[in-house]
2 protein chains.
Amino acid sequence: MSLNNTDRRIRRTKQMIRDALTELMEDVGFDAITVRDLTEKADINRGTFYLHYKDKFDLLEQCEREVLDELAQVQGHVEGLQLENFYEHFNRGEPLPFIVKLFEYLKENGAFMRVILGPKGDPLFQVKLKEMLAEHLLKHMVKKARIEMAVPFDYFKAYVISAHLGVIQEWLFRGMKESPKEIAMTAFKLTFLGPRRAAGLISDEQNEKNSP
Amino acid sequence: MSLNNTDRRIRRTKQMIRDALTELMEDVGFDAITVRDLTEKADINRGTFYLHYKDKFDLLEQCEREVLDELAQVQGHVEGLQLENFYEHFNRGEPLPFIVKLFEYLKENGAFMRVILGPKGDPLFQVKLKEMLAEHLLKHMVKKARIEMAVPFDYFKAYVISAHLGVIQEWLFRGMKESPKEIAMTAFKLTFLGPRRAAGLISDEQNEKNSP
DNA sequence: TTCATTATTGAACAGACTGTTGATTAGTTG
DNA sequence: CAACTAATCAACAGTCTGTTCAATAATGAA
C-alpha cells in the first residue's frame with residue numbers, strides 16, 4: 001500500500017501538469033497558457049488533462065486550494081507554541097512562531113509561490129492569503145482595549161495585513177536571502193515598533209516634535 | 001476645433017470599448033472576456049476593435065497606462081504644495097497633499113480602479129502603482145540618517161508601500177465612505193505613529209515593557 | 001454646403017484551441 | 001495472474017481569433 005491513496009499514474013500525471021503550470025506561468029503568464037501548452041510541456045495526451053481538470057482555471061484553483069490547505073495545516077500545528085502574547089515575544093527577540101512557519105512553507109514551495117504572488121499571478125490568491133494571515137495575526141495583536149481617536153480598525157487591519165504580504169513578496173523576489181526566522185523578525189519589528197522606528201528613521205520620541 | 005485632437009468617431013468607439021471592459025471585468029473577470037463580448041456590449045463591429053487595439057491585452061495595457069499617466073500628471077501639479085517635511089504635516093493634522101490627490105483621483109475613476117485592483121484585476125498594475133507610490137512617499141520619509149540595528153531599507157519600503165495599497169483597496173471596496181482627506185490622514189497616521197499606536201492598541205510607551 | 005478624408009461596417013477566411021467521444025493500449029493493485 | 005482503470009490516439013463540432021476586402025457612413029476643413 002502506498003503512502004498516498006491514489007493510483008501512482010494519477011499522481012505522476014498531476015505532478016507533471018502542475019510542474020508545467022509553474023514553469024509556463026513563469027515564462028508567459030497564466031493568461032497566455034493553453035491546455036495544449038501544458039500537456040505538451042508535461043508530455044502527456046491532451047485528453048488526459050480533462051480526466052483530472054475541468055479547464056486551466058480549475059487546475060489553478062486546485063493548486064491554490066492545496067497550498068492554502070497545507071498552510072492551514074502548518075498553522076494548526078503551531079498553535080500550542082505561542083507565548084501568551086505579542087509583547088513577550090518581542091521582548092525576547094523572538095518572532096511569532098506562526099509567521100516563521102509561514103516563511104518556512106513559502107521557502108519550500110518557492111517556485112509556485114513566486115509565480116502566484118508575482119506580477120503575472122492571481123490577485124484572488126492574494127486576497128485568500130491575506131484572509132488567512134489576518135486570522136492568525138490579529139489574534140495576537142488585539143488583546144487590549146482601544147482608546148478613542150484611533151484609526152478605524154478595518155484600516156488598521158488592511159494596513160498590517162497588506163504590509164506583511166508586501167514583505168513576503170519582497171523576500172520571495174529577492175531570492176529569500178534571509179532565513180525564515182530573520183525575515184519573520186523583520187516583519188514583526190516593522191509592525192511592533194512601527195515602520196519608521198523599525199527602519200531607524202527616527203531615533204526616539206524626543207525628535208518627533210522638533211524635527212530638523 | 002475640439003478639445004481632443006482625434007476624430008470624434010475614434011473617441012466614441014474607444015470610450016464604448018473601455019466602458020464595456022470595465023463592466024465585463026466586474027462581471028466575469030478579465031480572463032473570461034473575449035473580443036466578441038467586448039464589441040457586442042459596446043455595440044460595434046468586431047473588426048473595428050482591431051483598428052484600435054492589437055488584442056484584449058493591448059486594450060488593458062492602454063487603459064492602465066492612461067490611468068498611470070493621469071496619476072503622474074496629478075502628482076506633478078501638487079509638488080509645489082508640499083510642506084518641508086513629514087513632521088510638519090503631521091503636527092498640523094494635515095495629510096500629505098499628494099496622497100489626498102491620489103485618493104481624489106481614485107474616487108473619480110472608482111469603477112475602473114475597483115476592478116483593476118480587485119480579485120479579478122491585474123497584479124502587474126498593482127506593481128506599477130506601488131512603484132509610483134514609492135517614488136512619492138519615500139521622498140518625504142527618508143530625510144534622516146538611519147541608526148544601526150535597523151530593519152533593511154527594502155523591507156521597510158515594501159512594508160509601507162504595500163500597506164498603503166491595502167488601505168486604498170479597503171477604501172475602494174468598502175464604498176469610499178471617508179473623504180479623500182480623511183482616508184489620506186488615516187494612512188498617514190498608520191505610518192507615522194505605527195499601526196498599533198495609530199489604532200489605539202497601545203496607549204503609551206510605558207505599557208510596552210510590562211504588558212498585561 | 002460641398003468635398004476629400006477616413007472611420008466603421010459586414011462578410012468571409014484560415015488557423016488555433018476547446019471540450020468531448022469511442023476504441024485501444026498500458027500500467028497498477030490485490 | 002486477473003480485474004480494473006488510467007492513459008493514449010484520432011476525430012469531431014463549435015467557438016474565438018486576427019486579417020482582408022469592398023461598400024458605407026461620419027467627420028472636419030474649405
Side-chain angles (χ1 to χ4, degrees), chain A residues 1-66 115 120 122 124, chain B residues 1-66 115 120 122 124:
Chain A
M1 180 166 79
S2 70
L3 291 167
N4 200 317
N5 59 357
T6 51
D7 194 314
R8 181 194 304 154
R9 286 170 295 182
I10 296 181
R11 295 199 304 273
R12 198 193 87 97
T13 300
K14 284 194 166 186
Q15 197 50 56
M16 302 292 278
I17 294 177
R18 285 164 189 227
D19 290 349
L21 176 67
T22 303
E23 278 187 56
L24 284 170
M25 282 187 75
E26 227 162 354
D27 292 346
V28 301
F30 184 73
D31 290 329
I33 297 177
T34 68
V35 174
R36 264 199 155 74
D37 294 335
L38 286 165
T39 53
E40 275 174 18
K41 172 146 288 198
D43 194 31
I44 59 165
N45 189 276
R46 191 167 65 86
T48 306
F49 177 91
Y50 293 102
L51 260 32
H52 300 287
Y53 306 104
K54 195 171 144 288
D55 51 33
K56 70 168 181 167
F57 302 102
D58 184 43
L59 165 64
L60 183 67
E61 215 173 292
Q62 283 194 35
C63 290
E64 290 181 358
R65 169 159 303 282
E66 196 160 302
V115 168
K120 292 176 184 170
D122 178 10
L124 179 57
Chain B
M1 180 166 79
S2 69
L3 292 166
N4 200 317
N5 58 358
T6 51
D7 194 313
R8 181 191 305 153
R9 287 170 295 183
I10 296 180
R11 294 199 304 275
R12 198 193 87 96
T13 299
K14 284 194 167 186
Q15 196 52 54
M16 302 293 278
I17 294 177
R18 285 163 188 228
D19 290 348
L21 176 67
T22 303
E23 279 187 56
L24 285 171
M25 281 186 77
E26 228 162 354
D27 292 347
V28 301
F30 184 74
D31 289 330
I33 297 177
T34 68
V35 174
R36 264 198 155 76
D37 295 335
L38 285 165
T39 54
E40 276 175 18
K41 171 145 286 196
D43 195 31
I44 60 165
N45 189 277
R46 192 167 63 88
T48 307
F49 177 92
Y50 294 101
L51 260 32
H52 301 287
Y53 306 103
K54 193 171 145 289
D55 51 33
K56 70 168 183 168
F57 302 101
D58 184 43
L59 165 64
L60 183 67
E61 214 174 293
Q62 283 195 34
C63 289
E64 290 180 359
R65 170 160 303 283
E66 198 160 298
V115 168
K120 293 174 183 170
D122 179 10
L124 179 56

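Note on naming: letters A, B, ... go to the chains in the order of the sequence lines (proteins, then strands), and numbering restarts at 1 for each one.
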(message) Quick check: any donor-acceptor pair below 3.5 Å linking the side-chain of Arg46(A) to the base of dG19(C)?
(response) yes
(request) Specify the angle, to 10°, made by the local axes at the two ends of the helix from dT1(C)-dA30(D) to dG30(C)-dC1(D) when five pairs are taken at each end. (result) 50°
(message) Distance check needed: dG19(C) C1' versus Leu38(A) CG, whole Å only.
(response) 15 Å
(message) I'd like to check the salt bridge (charged side-chain N to carboxylate O under 4.0 Å, His left out) partners of Glu40(A); sequence neighbours left out, ordered by chain and number.
(response) none
(request) List in chain and number order the residues that pass side chain to side chain contact (heavy atoms under 4.5 Å, CB included) with Lys41(B), two or more places apart in sequence or in another chain; answer none if no residue qualifies. (result) Ala20(B), Glu23(B), Leu24(B), Asp27(B)
(message) Counting only heavy atoms and a strict 4.0 angstrom limit, can you tell me which residues of residues 27-37 of chain B come near DNA chain D?
(response) Thr34(B), Val35(B), Arg36(B)
(request) Please name all residues satisfying side chain to side chain contact (heavy atoms under 4.5 Å, CB included) with Leu124(A), sequence neighbours left out, ordered by chain then number. (result) Asp122(A), Lys128(A), Pro119(B)
(request) Report yes if a side-chain nitrogen or oxygen of Arg8(A) is closer than 4.0 Å to either non-bridging phosphate oxygen (OP1 or OP2) of dG27(C); otherwise report no. (result) no
(request) Please list, chain by chain and in numerical order, all residues satisfying side-chain hydrogen bond (donor to acceptor under 3.5 Å, both in side chains) with Asp19(B), sequence neighbours excluded. (result) Gln15(B)
(request) Please identify each residue that fulfils side-chain hydrogen bond (donor to acceptor under 3.5 Å, both in side chains) with Arg8(A), with sequence neighbours left out. (result) none
(message) Without decimals, in angstroms, what is the distance between Arg9(A) CZ and dT28(C) P?
(response) 6 Å
(request) Please report, rounded to the nearest Å, how far the C1' atom of dA26(C) is from the CD1 atom of Ile10(A). (result) 14 Å
(message) Under 4.0 Å, heavy atom to any atom of DNA chain D: which of residues 50-65 of chain B qualify?
(response) Tyr50(B), Asp55(B)
(request) Could you note down all residue pairs passing salt bridge (charged side-chain N to carboxylate O under 4.0 Å, His left out) where residues 49-60 of chain A supplies at least one of them, sequence neighbours left out? (result) none
(request) Please state how far atom CD1 in Ile44(B) lies from atom C1' in dA25(D), giving the value in whole angstrom units. (result) 15 Å
(message) List the residues meeting side chain to side chain contact (heavy atoms under 4.5 Å, CB included) with Thr39(B), not counting sequence neighbours, and say none if there are none.
(response) Val35(B), Ile44(B), Arg46(B), Phe49(B)
(message) Going by side chain to side chain contact (heavy atoms under 4.5 Å, CB included), name the residues that satisfy it together with Arg65(A), two or more places apart in sequence or in a different chain.
(response) Asp69(A)
(message) Can you list everything that forms a salt bridge (charged side-chain N to carboxylate O under 4.0 Å, His left out) with Glu26(A)? Sequence neighbours excluded, please.
(response) none
(request) Round to a whole Å and report the spacing from CZ of Arg11(A) to P of dT5(D). (result) 16 Å
(request) Write down the distance between CE (Met16(B)) and P (dA7(C)), rounded to a whole number of angstrom. (result) 18 Å
